[in-house]
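Below, all heavy atoms of this structure are taken into account, side chains as well, without hydrogens, waters or symmetry copies. Just so you know, residue 1 is the first one in the sequence shown, and it goes up from there.
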Amino acid sequence: MKSTTETLSPTRVKLTIEVPFEEFKPSLDAAYKTIGSQITIPGFRKGKVPAAIVDQRIGRGAVLDEALNSALPGWYSQALQDTNLQPLSQPEIDLSKFEDGETIEITAELDVRPELTIPDVSSIEVTVEDATVTDEDVDQQLSALRERFATFAEVDRPVAEGDFLTIDLSAAQNGEEIPEAQAAGMPYSVGKATMLEGLDEALIGLSAGESKTFTTQLVGGELAGQDVDVTVTVKDVKEQQLPELDEEFAQTASEFDTIEELRADVTDRVTRGKRMEQANEARDLVLDEIVSQIDAPLPESLVTEEIASRRQQIEQQLAMAGVPFEQYLDDEKQTVDEFEAELEKRVRDSLVAQFVLDQVVANEEFGIDDSELSQHIMRRAQQSGEDPNSYIQHIMEHNHVPEMVSEVLRGKALASLVESAKVTDKSGNVIELSKLRADGTFADDNEGDDESTEETPTQA
């Protein structure tokens, strides 16, 4: 088999595949066998019908077509490998020459990734936020830790901000109850996350056993966005009691004996977290700068398809949240034209960024081993909140492994680009991201320590 390419545009090629008839014969023999097993000829067992009889009953042309349809996907895949093409669209295939006994010629037009000229990344300079840790940062983390060990005591007083309640909710419209908008014995924290506009205001000042009706709009269901009357009843009122920040708390909530040791550990963790935030910010800024310097041709069919896909995702998310598209535009202070223009720019920039990273992967010949892929899949499972085994089963069943491989390789490519750029914080300090480890420590921190030593997390 012989494969050649002709460039039609920076993003489209014509692939010509020539297959000697001799190489086609195994597919032809298989076609005769398949068809022979499907027909009944007196005197012959199924699958044992001679080719001449098949030709007589079915026709040689039908057998040739069966064999060609079976062989074509394999020829196309092999031609892509032979020519190192990476398709971005389904091919438009034309059977240029197909005569019995002669060389077969097939052409396929397809969109491909353009070749890009990547700018000199060493000349790129970006500035990220400082990784300074303030007392307020540490206090917020300690407060969150105290809340995890809080106790709750029932109180005999009206509801106040920060109280934890058990409530009943009942919604009605025009005096008729809405069956799907009823809830009993529901836990609720005042001021934490309002599920209905006006709910906190209605609750504050009520005592256990008291009710109040207010008008609001549901955020989901068939009546989303419509005015309804909601009656809320307070069943009980509990007050959160936080533990003191003392040695006893440090020993209960962590592996440390003193509050000073716990505070130092929290400070270290916040510092490492801010370093990772710096790294993420640097990656975004460097990639944005590279993309802004590249005038990349893009297959318009791919752009159109991606825009439609992203808009559908946005509309589905809005529908699930019960937010009309027009309200979303009002909240974002955008017109339809502005929304579509911004969406198209995001899509085009995203595609160019993918092409840049894929080209770096190819140029640098990055590879991936099983442990890297496994770690990445586990991270994705944790981010999704799914059970790791269920997540792995899902990506295997839906053939998402190639996507995971691409994500790892693109991550390596992006890391190499960022490490080549100059990254400083707002205080002027140069940040050497090539030395930053996955846990937020730098390679030259605590030199002499065993780098493989695992962290001991603060106990939950």
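Within the structure, every pair that satisfies the salt bridge (charged side-chain N to carboxylate O under 4.0 Å, His left out) test and touches residues 362-374, not counting sequence neighbours, is listed here: Glu372-Lys412. Residues in residues 59-92 take part in these ring pair (Phe, Tyr, Trp, His ring centres under 6.0 Å) pairs, two or more places apart or across chains: Phe24-Trp75. For the salt bridge (charged side-chain N to carboxylate O under 4.0 Å, His left out) condition, the pairs that include at least one residue of residues 321-341, sequence neighbours left out, are Arg311-Glu340. A salt bridge (charged side-chain N to carboxylate O under 4.0 Å, His left out) check over residues 1-20, counting only residues at least two apart or in different chains, returns the pairs Arg12-Glu92, Arg12-Glu109, Arg12-Asp111. Within the structure, side-chain hydrogen bond (donor to acceptor under 3.5 Å, both in side chains) pairs that include any residue of residues 284-293 comprise Glu289-Gln293 (at least two apart or interchain). A salt bridge (charged side-chain N to carboxylate O under 4.0 Å, His left out) check over residues 347-359, counting only residues at least two apart or in different chains, returns the pairs Glu300-Arg348, Glu344-Arg348, Lys345-Asp349, Asp358-Arg410. Each ring pair (Phe, Tyr, Trp, His ring centres under 6.0 Å) pair with one or both residues in residues 341-376, not counting sequence neighbours, would appear here, but there are none.
Side chain to side chain, Gln226 and Gln173 meet the donor-acceptor criterion of an N or O pair below 3.5 Å. Ser122 and Asp120 form a side-chain donor-acceptor contact under 3.5 Å, judged by distance and modelled atom types alone. Side chains of Thr441 and Arg275: no donor on one and acceptor on the other come within 3.5 Å. Side-chain atoms of Asp137 and Thr134 form a donor-acceptor pair, as typed in the model, at a separation below 3.5 Å. Defined by atom type and a distance below 3.5 Å, a donor-acceptor pair is present between the side-chain atoms of His400 and Glu403.
Rounding to the nearest 0.5 angstrom, the gap separating the CD1 atom in Ile392 from the OG atom in Ser374 is 7.5 Å. Summarising the geometry, atom NZ belonging to Lys97 is positioned 13.5 Å from atom OG1 belonging to Thr107; distances are rounded to the nearest 0.5 Å. Note: Phe21 CZ to Glu99 CD = 10.5 Å, rounded to the nearest 0.5 Å. With values rounded to the nearest 0.5 angstrom, Glu66 atom CD is found 6.0 Å from Thr34 atom OG1.
Applying the side-chain hydrogen bond (donor to acceptor under 3.5 Å, both in side chains) test to Thr215 and every residue at least two apart in sequence or in another chain returns Asp229. Not counting sequence neighbours, the partners of Phe339 by the ring-ring contact (aromatic ring centres under 6.0 Å, His included) test are Phe325. Scored by the side-chain hydrogen bond (donor to acceptor under 3.5 Å, both in side chains) test, Arg346 finds Glu342 as partners (sequence neighbours excluded). Take Gln316 and apply the side-chain hydrogen bond (donor to acceptor under 3.5 Å, both in side chains) test, not counting sequence neighbours, and it matches no residue. Listed by chain and number, the residues in a salt bridge (Lys or Arg N to Asp or Glu O under 4.0 Å) with Glu115 amount to none (sequence neighbours excluded).
Note on Asp29 versus Lys25: no salt bridge recorded, every NZ/NE/NH1/NH2 to OD/OE distance being 4.0 Å or above. Remark: Asp139 engages Arg263 in a salt bridge, criterion side-chain N to carboxylate O under 4.0 Å.
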Note to self: Please determine whether side chain to side chain donor-acceptor pair (under 3.5 Å) holds for the pair Gln313 and Gln317, giving the CA-CA distance in whole Å, both sets of side-chain angles, and the decisive distance to 0.1 Å.
What the structure shows: CA-CA 6 Å; Gln313 289 177 1; Gln317 290 170 352; 5.5 Å; no
Item checked: Stepwise side-chain contact (heavy atoms from CB on, under 4.5 Å) test for Val19 and Thr103 -> CA-CA 6 Å; Val19 183; Thr103 297; 5.8 Å; no
Item checked: Residues Arg283, Glu419; criterion salt bridge (charged side-chain N to carboxylate O under 4.0 Å, His left out); working and verdict -> CA-CA 9 Å; Arg283 292 186 183 103; Glu419 289 170 8; over 6 Å; no
Next item on the list: Go through Thr216 and Leu199 one step at a time and tell me if the side-chain contact (heavy atoms from CB on, under 4.5 Å) criterion holds.
Entry: CA-CA 9 Å; Thr216 188; Leu199 178 58; over 6 Å; no
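In this structure, Glu305 places its CD atom where only 12 or fewer heavy-atom neighbours from other residues, nucleotides or ligands lie under 6.0 Å away.
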